[in-house]
2 protein chains.
Amino acid sequence: MGQLSQSKIGRYEFMAEPFHCDFTCRLFMAHLGNHLLNAADFHSAHRGFGIPTLQHANKTWVLSRLAIEMTEMPRQYEAFVVETWIESVMRYFTNRNFRITDTATGRTLGYARSVWALIDTASRQPLDILNTPECGISSYIEPSPDCPIDRLSRVKIGDRAQLAGEIEVRYSDLDINGHVNSIKYLEHVLDLFEPATYKNRRISRIDIAYVAESRYGDRLAMYGEQAGREHLVRVVKNGDTEVCRCKIRFE
Amino acid sequence: MGQLSQSKIGRYEFMAEPFHCDFTCRLFMAHLGNHLLNAADFHSAHRGFGIPTLQHANKTWVLSRLAIEMTEMPRQYEAFVVETWIESVMRYFTNRNFRITDTATGRTLGYARSVWALIDTASRQPLDILNTPECGISSYIEPSPDCPIDRLSRVKIGDRAQLAGEIEVRYSDLDINGHVNSIKYLEHVLDLFEPATYKNRRISRIDIAYVAESRYGDRLAMYGEQAGREHLVRVVKNGDTEVCRCKIRFE
């Protein structure tokens, strides 16, 4: 990872690779989500509080909520920049924001917000971030850049949601910890919609709240409900345990 | 894409991103395949015979076969280089090779071979590459670098293959043309194996031969057969049409 960076805002350039674009020739939302998590990972690693460092102390960051709001998605071959910074640190959560801009023109394509918890990898219990000085995150708080999108939603879903799809967790869903990759839930939820939806409309915002982890072989059932322009999806594993909730707004 | 490149060998650097690694903390084979296709895409685009240029003439490259042979997979965060060049051009096919090296040490991690056809996007029929001078590929033939792995296999599968899995094509499987992304077949085939297989063994070589395209809503059935260290998988759509055949060697 080389020398530690002093700057509070990290800046990472990516490209909308041809095989990461959908049939509208724009970047898949799930691949954008993946780039945001990469930016978060690089930003924390370059500042000494990344997952590879914390692992040695049996600690890790866990993504609790993510919201992405885009006015435009990068087109095939377009380079874009993800800037990320820590907005605030509380006892059990930290808020990390993102801004996505087009490299060529500098115009803002969208913003994202995320909430992370610090956990003990053995007990899987949350740790008090303010009293874990070795993670050093508090010196990197940068509240000033605007992140002019709504705060993260808890994603409330009623009891009327209907079964919309089911999948079994496979090898390619798993991350380095053997849990389902946070972004794979989003990919599976977005696969509930038909191509016609993506042809005629675009996703303006997604919110996802993570509740529990799932593993190889778990059966994930997705229950959906529509509320105006918003689609709500609850993901449940093995019949009864809520895993995550997702809200998708199309325009 | 900027100025055209004169050099016959293209050289592209990638990184084994944390969310592209499996639970052994090594790059997923499917993500490596994706990087190879990106390298092929950049190499041809920078030399004037890429898909974006050919599209204007209603022509495109179609991947017909791919083989990847690795002695080691890049580890999480490791940078690696993909070199690619055109080994030969025949009437209906062109051979493109790849070498994958570790950036830090320069050691070779593996090689890959691929065969591509040039087709007319309207008729979907193959075109005579040697008589399509505007594609200009023939000036870039570079037979000299060694590619010391076996030639591409046609992947012969007998009739005893058993149904091993079924999936329905979803939105995230589709590429910019609305067909299933070549690499997604590989991902679905590799998902037939349990995590224990990946924990105890590693893929030393994969061969994949593409026969037909599939689209949204197609039902893909995967039929598997084991022959020694090799697993053979035939992917069939909608009950009767062969889509691709894959051979995987574990070590």
Side-chain angles (χ1 to χ4, degrees), chain A residues 1 14-26 28-31 33-42 45 50-52 75-77 165 167-179 181-184 186-199 215-217, chain B residues 1 14-26 28-31 33-42 45 50-52 75-77 165 167-179 181-184 186-199 215-217:
Chain A
M1 294 281 112
F14 300 97
M15 194 242 250
E17 298 176 6
F19 305 97
H20 286 172
C21 290
D22 74 1
F23 61 83
T24 69
C25 297
R26 303 238 181 204
F28 275 107
M29 179 58 88
H31 284 293
N34 187 54
H35 291 309
L36 299 184
L37 297 197
N38 274 330
D41 190 85
F42 300 154
I51 290 177
R75 280 174 202 274
Q76 190 186 192
Y77 295 113
I167 58 143
E168 199 177 313
V169 174
R170 311 276 170 142
Y171 164 66
S172 66
D173 291 316
L174 304 177
D175 66 12
I176 55 161
N177 300 306
H179 303 133
N181 174 332
S182 312
I183 293 302
K184 278 284 179 175
L186 181 58
E187 190 176 299
H188 292 308
V189 166
L190 297 181
D191 272 347
L192 295 174
F193 300 91
E194 295 193 352
T197 307
Y198 296 102
K199 197 171 174 184
R215 291 167 181 276
Y216 183 76
Chain B
M1 294 279 114
F14 299 98
M15 193 241 250
E17 299 177 6
F19 304 98
H20 286 172
C21 291
D22 74 2
F23 60 83
T24 70
C25 297
R26 303 239 181 203
F28 276 107
M29 180 58 88
H31 283 295
N34 187 53
H35 291 310
L36 299 184
L37 297 196
N38 274 328
D41 191 85
F42 300 156
I51 290 177
R75 280 173 200 275
Q76 190 187 191
Y77 293 114
I167 59 142
E168 197 178 313
V169 173
R170 312 276 171 142
Y171 164 66
S172 67
D173 292 315
L174 304 177
D175 67 12
I176 54 161
N177 299 307
H179 302 132
N181 174 333
S182 313
I183 293 302
K184 277 283 176 175
L186 181 58
E187 188 175 300
H188 292 309
V189 167
L190 297 180
D191 272 347
L192 295 174
F193 299 91
E194 295 193 352
T197 307
Y198 296 102
K199 198 172 175 183
R215 292 167 179 275
Y216 183 77

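Lettering of chains follows the sequences in order, A, B, ..., and the numbering in each one begins at 1.
Among Asn181(A), Leu174(A), Asp22(A), the residue making the largest number of heavy-atom pairs under 4.5 Å with chain B is Asp22(A). Here Asn34(A) is the residue among Thr24(A), Asn177(A), Thr197(A), Asn34(A) with the most heavy-atom pairs under 4.5 Å with chain B. Ranked by heavy-atom pairs under 4.5 Å with chain A, the list Ser182(B), Ala30(B), Gly217(B), Pro18(B) is led by Pro18(B). Of the residues considered (His179(B), Arg26(B), Glu194(B)), Glu194(B) shows the highest number of contacts with chain A, using heavy-atom pairs under 4.5 Å.
Heavy atoms of Asp175(A) lying under 4.5 Å from chain B belong exclusively to its backbone. If you measure heavy-atom distances from His188(A) to chain B, you find no contacts under 4.5 Å at all.
The line from CE of Met29(B) to OH of Tyr171(A) is 8.5 Å long, rounded to the nearest 0.5 Å. From Tyr77(B), atom OH reaches atom CG of Asp41(A) across 3.0 Å, with rounding to the nearest 0.5 Å. Asp191(A) CG to Tyr216(B) OH: the interatomic distance, rounded to the nearest 0.5 Å, is 8.0 Å. In this structure, CD on Glu17(B) lies 6.5 Å from CZ on Phe14(A), to the nearest 0.5 angstrom.
Counting only N and O atoms by type, the side chains of His20(B) and Asn38(A) include no donor and acceptor under 3.5 Å apart.
Contact record, Phe28(B) with Ser172(A): CE2-CA, 3.8 Å, taken as the closest heavy-atom pair.
Checked against side chain to side chain donor-acceptor pair (under 3.5 Å), Tyr198(A) has no partners two or more places apart in sequence or in another chain. Judged as a side chain to side chain donor-acceptor pair (under 3.5 Å), and not counting sequence neighbours, Arg170(B) has no contacts.
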